[in-house]
Protein chains: 2
Amino acid sequence: MSEQTMTIREMCDAFDVTPRTLRFYESKELLFPQRDGQKRLFSKRDRARLKLILRGKRFGFSLEEIRQLLDLYHVGDQQHIQLSRSVSVGRERLADMERRQAELSEAIADLKGQLGWGERMLKATPLHGEAAE
Amino acid sequence: MSEQTMTIREMCDAFDVTPRTLRFYESKELLFPQRDGQKRLFSKRDRARLKLILRGKRFGFSLEEIRQLLDLYHVGDQQHIQLSRSVSVGRERLADMERRQAELSEAIADLKGQLGWGERMLKATPLHGEAAE
DNA sequence: CATAAAGTTGACGTTTACGTAAGCTAAACG
DNA sequence: CGTTTAGCTTACGTAAACGTCAACTTTATG
């Protein structure tokens with residue numbers, strides 16, 4: 001029944017990370033690959049976790065923040081997790097993300113405005129790329 | 001006519017950063033405070049830039065990425081900036097941010113789902129905080 | 001069986017974004 | 001005029017997140 005487990009290299013290719021990264025995440029208790037002798041075997045669960053880790057990273061969360069969130073997504077992976085704590089951590093992250101979303105919309109609007117200005121300047125000046133007054 | 005310039009401490013209080021941070025940003029050419037003898041004086045423009053810097057940081061952009069974007073917002077601050085380059089850098093950042101926005105919406109939806117599940121589990125179990133099967 | 005391929009464990013190196021401490025200067029105050 | 005107070009420069013220290021390298025083991029292969 002050993003199914004759907006992947007070697008470290010397959011993981012690296014699938015997620016575009018290095019072996020070092022995967023071992024580092026394991027050392028930080030973000031992933032828990034099983035062992036076949038020496039070698040690591042990554043399960044479907046590990047892949048789900050890695051996907052969340054990489055997503056969290058793109059949002060600028062630290063690995064430690066991500067680790068706490070993973071406890072919410074995978075309650076029971078470790079025995080001693082307090083669900084209520086995971087939920088409250090999750091609520092804080094959600095609030096974070098919603099704030100970010102609002103700020104991001106504002107920033108996007110700003111940037112669009114600036115770009116519009118820049119593009120109009122480019123069209124208006126005969127010498128593309130030169131500084132404008 | 002020297003108006004609206006702020007000392008380093010006023011800046012720190014206004015933006016909740018340390019003097020070290022402002023000097024560091026200057027050393028990286030993100031800010032260009034004038035000098036009154038030794039002392040730095042931060043203009044309205046510096047404050048606008050700092051605001052953008054801090055915003056960019058919250059989105060996880062590196063200071064170098066932010067510096068390039070600032071060139072778009074303040075074309076002409078330096079003499080040698082290519083507007084067309086600034087615009088194209090800006091377009092890339094905008095694309096980044098829009099991708100982030102989409103992914104963020106997805107992540108928020110996911111997290112809400114997980115939170116809903118967690119909260120239902122909490123209500124259903126008599127012993128709050130215990131792990132559920 | 002020799003060796004190449006894939007994986008493993010240390011352990012030290014690197015970059016980013018500042019923190020922190022030492023020692024100097026200049027204005028302001030009693 | 002001595003001394004806080006605010007600011008300055010220079011320089012070393014630090015945490016996070018890996019990169020890189022050395023040395024070893026295990027598995028596959030001609």
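Sequence lines set the chain letters: A, B, ... in the order given, protein chains first and strands last, and positions in each chain run from 1. Side chains included, hydrogens not; waters and symmetry mates left out as well; all remaining heavy atoms used.
- When DNA chain C is scanned in the 5' to 3' direction for atoms under 4.0 Å from non-hydrogen atoms of chain A, the outermost contacting nucleotides are C/dG7 to C/dA11.
- Contact check on A/Glu26 versus A/Arg35 returns a salt bridge, with a Lys/Arg side-chain nitrogen under 4.0 Å from an Asp/Glu carboxylate oxygen.
- Residues B/Asp13 and B/Arg9 are paired through a salt bridge, judged by an N-O separation under 4.0 Å between the basic side chain and the carboxylate.
- Remark: the A/Thr5 side chain and the A/Gln34 side chain contain no N/O donor-acceptor pair separated by less than 3.5 Å.
- The residues A/Arg91 and B/Glu119 are annotated as salt-bridged, a charged nitrogen and a carboxylate oxygen being separated by less than 4.0 angstrom.
- If you check every strand for non-hydrogen atoms under 4.0 Å, B/Lys28 touches nothing.
- With salt bridges taken as basic N to acidic carboxylate O contacts below 4.0 Å, one links B/Arg99 and B/Asp96.
- Atom CZ of A/Arg67 and atom P of D/dA17 are 12 Å apart (whole Å).
- The backbone N or O of A/Phe42 lies less than 3.5 Å from a partner atom in the side chain of A/Arg47, making a donor-acceptor pair.
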What string of B, S and - do you get for nucleotides 5-10 of chain D, 5' to 3', if B is base contact, S is sugar-phosphate-only contact and - is no contact with any protein heavy atom under 4.0 Å? --SSB-
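- For A/Tyr25 and D/dC18, the shortest distance from a side-chain N or O to OP1 or OP2 is below 4.0 Å.
- The existence of a salt bridge linking A/Asp110 and B/Arg55 is confirmed by a sub-4.0 Å separation between a basic side-chain nitrogen and an acidic carboxylate oxygen.
- Nearest-nucleotide positions on DNA chain D for A/Asp36 and A/Thr21 put A/Thr21 closer to the 5' end.
- The distance from atom CZ of A/Phe24 to atom C1' of D/dG19 is 11 Å, rounded to the nearest whole Å.
- Classification of A/Arg67 and A/Glu64 as a salt-bridged pair holds, one side-chain N sitting under 4.0 Å from a carboxylate O.
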